[in-house]
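Quick note on labels: first sequence line is chain A, next is B, and so on, each numbered from 1. The structure displayed is predicted, hence computed values, not measured ones.
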Amino acid sequence: MGDQLKFVQLEMMVVALGLLVLIADLAMAPSRRRLLGYLSAAGLFVVFLLSFRDGYTALVNESTEAFFNSRYKVDGLALFFKRFFLIAGIFVLVFAVDFSERLRSGMAEYYSFIVFALSGMMFAASANDFSMLFVSIELITITFYILVSFQRHRLHSLEAGVKYLILGAVSSAFMIYGIALVFGVAGSLQFDDLHAQQSELIQSKVFLFGMLFLFAGLAFKISAFPFQVWAPDVYQGAPTPTTAFLAVGSKAAGFVLLIRLLVAAVPEVTAEWTSVLLVISALTILYGNLCALPQRNLKRLLAYSGIANAGYLLMGIVAQSEEGTVAILYYLAGYLFTVMAAFMIINLLTKEGEGEDISCLSGLSKRSPFLAFAMTLAAVSLAGIPPLAGFFGKFLLVKSVATEAFGNTCFFVLLAVAVFGVVVSIYYYFGIVRTIFWGRRKADEPTPPPVTIGLPVRIVLGCCVAAMLYLGLLPNKPVKWAETAAKVGVTSK
Amino acid sequence: MMEPTLSHYLLVSGALFSIGLLGVIVRRNLLIIYMSLELMLNSANVALVAMSRFYGKLDGQVMVFFIITVAAAEVAVGLALIVALYRKRQTAEVEDLATMKL
């Protein structure tokens, strides 16, 4: 057994890091707690580097049959997402240090909760069994209840926390009831067993009902259409680093589980549900983009844009092909850097207590050309204009659906909706760009001073900008990585 | 006297789930909503245990342990959150949770 723990070595390191932060907090002078955040970011970076070690990457080819009876998978997909989450975790920690003055209390706990949520996401990346799926999802969700409501002195933060709590708990209740129904029909909690008997299972209405409940639970995580009501309020009220982590990490965790379940384990159910998924995807795109139009609050705007992006990502699931999975991975990678940069810049420009109104961006091109450049890139990338990451990701998603479209004409409707969504989104993303370069402040307002940016934040923003350009301009190599990661299968028995 | 069968347990579990869901939708007090949520979680436990017994497989019962543990953690966090909100607003009604609109 001790030998088999090598499959979870990265996760163990991350959990140990979280505990270490909590303990180190006791011995540290309050004035030096910021250091703790940087140290944990550095620790995560070391874990990230260790994930490239030959000894670890070799595990991909090794069968995990012996480990928890293949309830836990270390394959290309898991590896891709573990690295994805680690990068997101590092960025969010640096971001959180920059934010920590506004937390007022419990700085070190904030860092350690970020690390614990990250460990949940890394477990989710490998989940190949319903108990693993449930526990990792709940590890993420429950830590997020705390992270969302961390600014207890702000009513908005508490309110967002309670909303997330109630709706999150409803969705997990649906999920476990779904698990119970699926277990009742299949007699097993393992994805591999479901895969083996999927053609008989699909005959059972109870099984499909259970899968629908499960899908509802996961759709809540990714904020897909009928389960998206929480997103705007929670994104707006939560502390900004939490919002960024919620937008990137939580959503990606939902997608890795959807890929494991709908693409790898029970593709026949997905084929049966093509039209349902298609409608959900189309409605999510429409809802997100149309509701984003009148928004003045930047975090709320990004929440609606996040809903729309969940719709685009669902297109990759609808396509039901390896190409679709590759597109999801690529798009998520681009989304990570884009959204992280956008939230960091919003955070730099707003002070505690002020709303995140879009007018805070006005005159940014004079105050800080670098931030103006980065924010413009982020907005343009989210809008899907070439040559940035967002464009190529959307292109791959649309392509994956289009190649399947000749078998099913409904797919053309989805394509039309996606293109319409992109056109609508250009309007509000360019509202951001317009405010940055041509926005006017009120005459009586004093010109705000240039923005000061700390070195770590500057480095992270630089990384984000570089990654957005790299993913957009030189997509060959990243697509190869996504292709190796997207080869998900189920160990046949 | 009739022996209870699997379908009886499943009926109870379905009824519990529906009552819980109804409570979440209808009731306006956060604490009662939270109680109803616990009911929903426990309905799944009943179903899992019944089916696990029916199949003679322990997977379902092990799952129930996970669910109980997770639910305990959820209650700890959730009640703390509701108390913190109550201290701030002196209310636990959902209608008062609408300060963030557009």
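Contacts of B/Thr69 with chain A are absent, with no heavy-atom separation under 4.5 Å from either backbone or side chain. For B/Arg89, the part sitting under 4.5 Å from any heavy atom of chain A is the side chain, from C-beta outward, and nothing else. For chain A, the nearby parts of B/Val70 are the backbone and the side chain; heavy atoms of each come within less than 4.5 Å. At a 4.5 Å heavy-atom cutoff, the contact between A/Phe213 and chain B is made by side-chain atoms alone. No part of B/Ser36 comes within reach of chain A, as not one of its non-hydrogen atoms sits under 4.5 angstrom from that chain. Proximity to chain A is limited to the side chain of B/Leu21, based on heavy atoms less than 4.5 angstrom apart. Using a 4.5 Å cut-off between heavy atoms, B/Ile67 touches chain A through backbone and side chain atoms alike. With a 4.5 angstrom heavy-atom cutoff, A/Val185 touches chain B only via backbone atoms.
Chosen from A/Thr141, A/Ile146, A/Leu139, A/Ile166, the residue pairing most often with chain B at heavy-atom distances under 4.5 Å is A/Ile166. The choice from B/Glu74, B/Met40, B/Lys57 that makes the most heavy-atom pairs within less than 4.5 Å of chain A is B/Glu74. Between chain A and the residues B/Ser43, B/Ala44, B/Ala47, the most heavy-atom pairs under 4.5 angstrom are made by B/Ala44. Ranking B/Val94, B/Leu81, B/Leu48 against chain A, the residue ahead of the rest is B/Leu81, based on heavy-atom pairs under 4.5 Å.
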Next item on the list: For the pair A/Leu155 and B/Leu85, evaluate side chain to side chain contact (heavy atoms under 4.5 Å, CB included) and give the outcome as yes or no after the intermediate values.
Entry: CA-CA 8 Å; A/Leu155 181 62; B/Leu85 183 80; 4.1 Å; yes
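Between the side chains of A/Tyr164 and A/Ser149, no donor-acceptor pair is found at a separation under 3.5 Å.
Taken from CG in A/Leu181 to OG in A/Ser204, the straight-line distance is 9.0 Å, to the nearest 0.5 Å. Atoms CE and CG, from B/Met63 and A/Asp129 in turn, are 8.0 Å apart once rounded to the nearest 0.5 Å.
By the 30° and 60° cut-offs, the orientation of the rings of A/Phe144 relative to A/Phe245 is tilted. Ring pair A/Phe150/A/Phe113 is perpendicular by interplanar angle, where above 60° counts as perpendicular and below 30° as parallel.
Crowding of B/Tyr55 atom OH: a count of heavy atoms from other residues, nucleotides or ligands under 6.0 Å exceeding 12. Counted within 6.0 Å of CZ on B/Arg28, heavy atoms from surrounding residues, nucleotides or ligands total more than 12; the atom is thus considered enclosed.
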